[in-house]
Each structure stands twice: as structure tokens, then as C-alpha cells.
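Report on the structure given below.
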Amino acid sequence: MRQNILKLSRNNPYLFLGVAALLWFVLYQQLLPLSQALVSIFPVDPASHLGGALQFFFYDTPKVLMLLTGIVFVMGIIHTYVSPERTRAILAGRKLGVGNTMAATLGIFTPFCSCSAVPLFIGFLQAGVPLGITFSFLIAAPMVNEVALALLFAMFGWKIAALYLFLGLTVAIVAGLVIGKLGMEKHLEAWVRAMQNTGAASAVTNQHMGWAERMDEGFRHVSEIVGKVWPYIIGGIALGAAIHGYVPEEFMVSIMGKDAPWWSVPAAVVLGIPMYTNAAGVIPIIEALIGKGAALGTVLAFMMSVIALSAPEMIILRKVLKPVLIASFIGIVAVGITLVGFVFNALL
Amino acid sequence: MKHIKVLGTGCANCKNTMSMIEDVAATKGVAIELEKVEDLQAIIGYGVMSTPAVVVDGEVVHAGGMPGRDSIEQWLMG
């Protein structure tokens, strides 16, 4: 079966894409009736709490996994067009402002893993990408990624996903601009400064790829990402279902809700800085917080803080940045995220 | 004998890449010298921006993510 599918995708990529997309849409349209049919198998009243919880679980799990698989597959294909080397070439020698906007936007599409943040950082500086623009990229790449957007879209709708996208990019652009304006180059470690503008070292160029190879990359991306995050997602939805079906205890409302004191947003951001998990890992927490009556802005600020700022990443970056620059980086991004939280709470 | 280096700061994918290369070499019966490069400045010296990366006889043949089994076979046999 698997062999046959792979064979079709290699020999006739367009046909395969067309059939797969059609199946995906048909199945996606049928999710609600399918989940209702599934619930009716169980000896529970669909109108009861348990029935509601089951319905939520059976509907949301396939919905989220299907959306995630689709988006991750497409991103895997996009990644074959946008390598870090190409992004770097686009950003080299750009001016602050336009450059920051481009860097943050490219951060969404460029493959990025926080374990290679440092080589990437130096590779950018080496090629003459200004420090502030490099930071815009470094902030946007982990925070505004396809997994976070797909999950927000599937769980909270396109408006929330779009707001997260827009405000996440804004934080990355503005924080990079501020770092660039402050002239922080002297707070780079000496050996890194010596490498600035030394010209890009040779890099591997992806040999010309056909559609079949690009789709292979799509499959590989799906098995890598979805294979890693599905337990978090099912855990998160199960938690959400439990909250959905039963009356939420409103104990979070007083400290994280709409009428919470002003310091609840900064407190959520500070709490999120040392924590480290990926976008999928933080979604269950968010489901739980929102289910218990926390305000969306506070929760999204918490999410951004957890993903964008983390203790392990700071330890890696310490090899290239002096403490002053690390502290400024954390401070500027944290302030930006806090403002985003306030704006969100005021708008919604 | 081919000299192969895997560049990476110690993420899970780097270790997987190492063991995959060892595995392919063993099944194909190719003698290789495999080395792990974890020093940041050395990695950057190769012009690599995303790890794991693979260097065969001094030439960077791959960067950013685990290489496919087919590619490894090509490097070893070629």
C-alpha cells in the first residue's frame, strides 16, 4: 500500500497531488457527521456532558491532525525552495526597516531548528546581514511557524491565527529594529565580531529538484513533525474535551481573566521565559487555560513567550552574545510580547 | 577509504545521521573513517548554517536535516 502510494507520487506527482487534495477535502467535509455517528455507537446520551466531551474529542482530533498534516506537507515542499542560504543571500546588505520586515516574513518559510540557531546567526552576520535584521529573523522563525498557525487555526479559528501571525511578525520586526538602532555590535563575542562581513563561506547548493523529490521532502516533513507532535495534540484535545464537556472551574478567571489586574499579562510572559516547549506542546496548556476562563491576550502572550524565549536557547546563544546583549534581547522581546497581550485583551 | 564528518552541536538528528552512515557503510561493506565535529567554530568554518551537515573528503555534501539513505549510499559508493 505504502509502496504503491510512493510509486504514484514519484511517477505521476500532479495526479497524486490532485487525488490526495480531493480526498482530503471530502473527508474534511464529512468530519462532523462522522464524529456524530461515532458518538452514537457509545451508550451515552449525546446531550449529556460525557456525550458532549466525546463529540468534541472525535471531531477535533481528526480535524486538527488533518489540518496539521496538510499544512506541514505544503511547508515541506516550500522548504525545498527556501533554504537558509537563499534567505541569507536575500537579506545581505539590507537596510533596517525593510530588511527587518523581510527577515521576519522569511522566518515563517525558512526551515529552522533552534539547535542550529548559532551557526545560522553567525552565517547571517558573516554574509553582511545587519545585526538587527538577523535578530528579526531569529525571533520570528521559531515563534511564527506553520505548526503554531495550523493549531491556532484549527482550534480557535482563522481570526485568532491571523492576529497571532500579524502580532508575532510585529514583535519580531520591532524588536529587531530596536536592537539594530541600539548599536549592540560591541556586545557580540570578539570571535564573532571578527567574522562579521567576511563574506559568505561556500555553502551547499541544493541540486535541481524535480516535483517527485520535492514531494518526498513534503512526506518527510510530515513524518518528522506530525510524528513528533501528535501525542501532544491528542493530549491537548482530550484535556480540552474534558473541560468542554464539564462545567469549567472558573478559578483562573480572577488571575488571568478579562477583569484580572493589569499585571497578569507581564506575569504570564515572565512565567513563560524559562519554559521551553514547541508550539504543539504549549497548545494543551492553552486549551486548559482558556477553558478555565483565562483571557485570550494573556494566554497568547504566554504562548509567544514560551516559544520565542527559552532558557536552553539563551545558553546556546551565550556562546556568541555577551550577557548585555542577551539581557537586551530577552527584555525587548518580553516587552513586545507583553504589549501584544494588552492589545489582544483590549481588542477582543 | 573515505573520511566522513558529521557536523552538529549534539541534537538528536546529528546522532541519527551518524548511526545511519555507520549502518549504510556496514551493509555495503565500505570502509570509512567517521568523525563527529561538535566545535561551533569548526562547523562555521565549513560555511554550514544548518545542522546536521555531512562532509565527505573535505567537501560539504549536505546541510540541514537528516540525509536520505539513498544519498548516503551515493556518497559512499561514488
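Just so it is clear: chains get the letters A, B, ... in the order the sequence lines come, proteins before strands, and each one is counted from 1.
Here the CZ-CD1 distance, from A:Phe121 to B:Ile44, works out to 10.5 Å after rounding to the nearest 0.5 Å. The structure places OG1 of A:Thr110 at 9.0 Å from CE of B:Met49, a figure rounded to the nearest 0.5 Å.
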With a 3.5 Å cut-off and sequence neighbours excluded, list the donor-acceptor pairs that the side chains of residues 218-226 of chain A form with protein atoms.
unit_1, atom_1, unit_2, atom_2, d
A:Arg220, NH1, B:Met66, O, 2.9
A:His221, ND1, A:Val72, O, 2.9
A:His221, ND1, A:Gly76, N, 3.4
A:Ser223, OG, A:Arg220, O, 3.1

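Within a 6.0 Å sphere centred on NZ of B:Lys36, heavy atoms belonging to other residues, nucleotides or ligands number more than 12.
Both the backbone and the side chain of A:Phe124 come within contact range of chain B, with heavy atoms under 4.5 Å apart. In this structure, chain B has heavy atoms under 4.5 Å from both the backbone and the side chain of A:Leu120.
Of all the heavy atoms in A:Pro119 and B:Val48, the pair that sits closest is CB-O, 3.8 Å.
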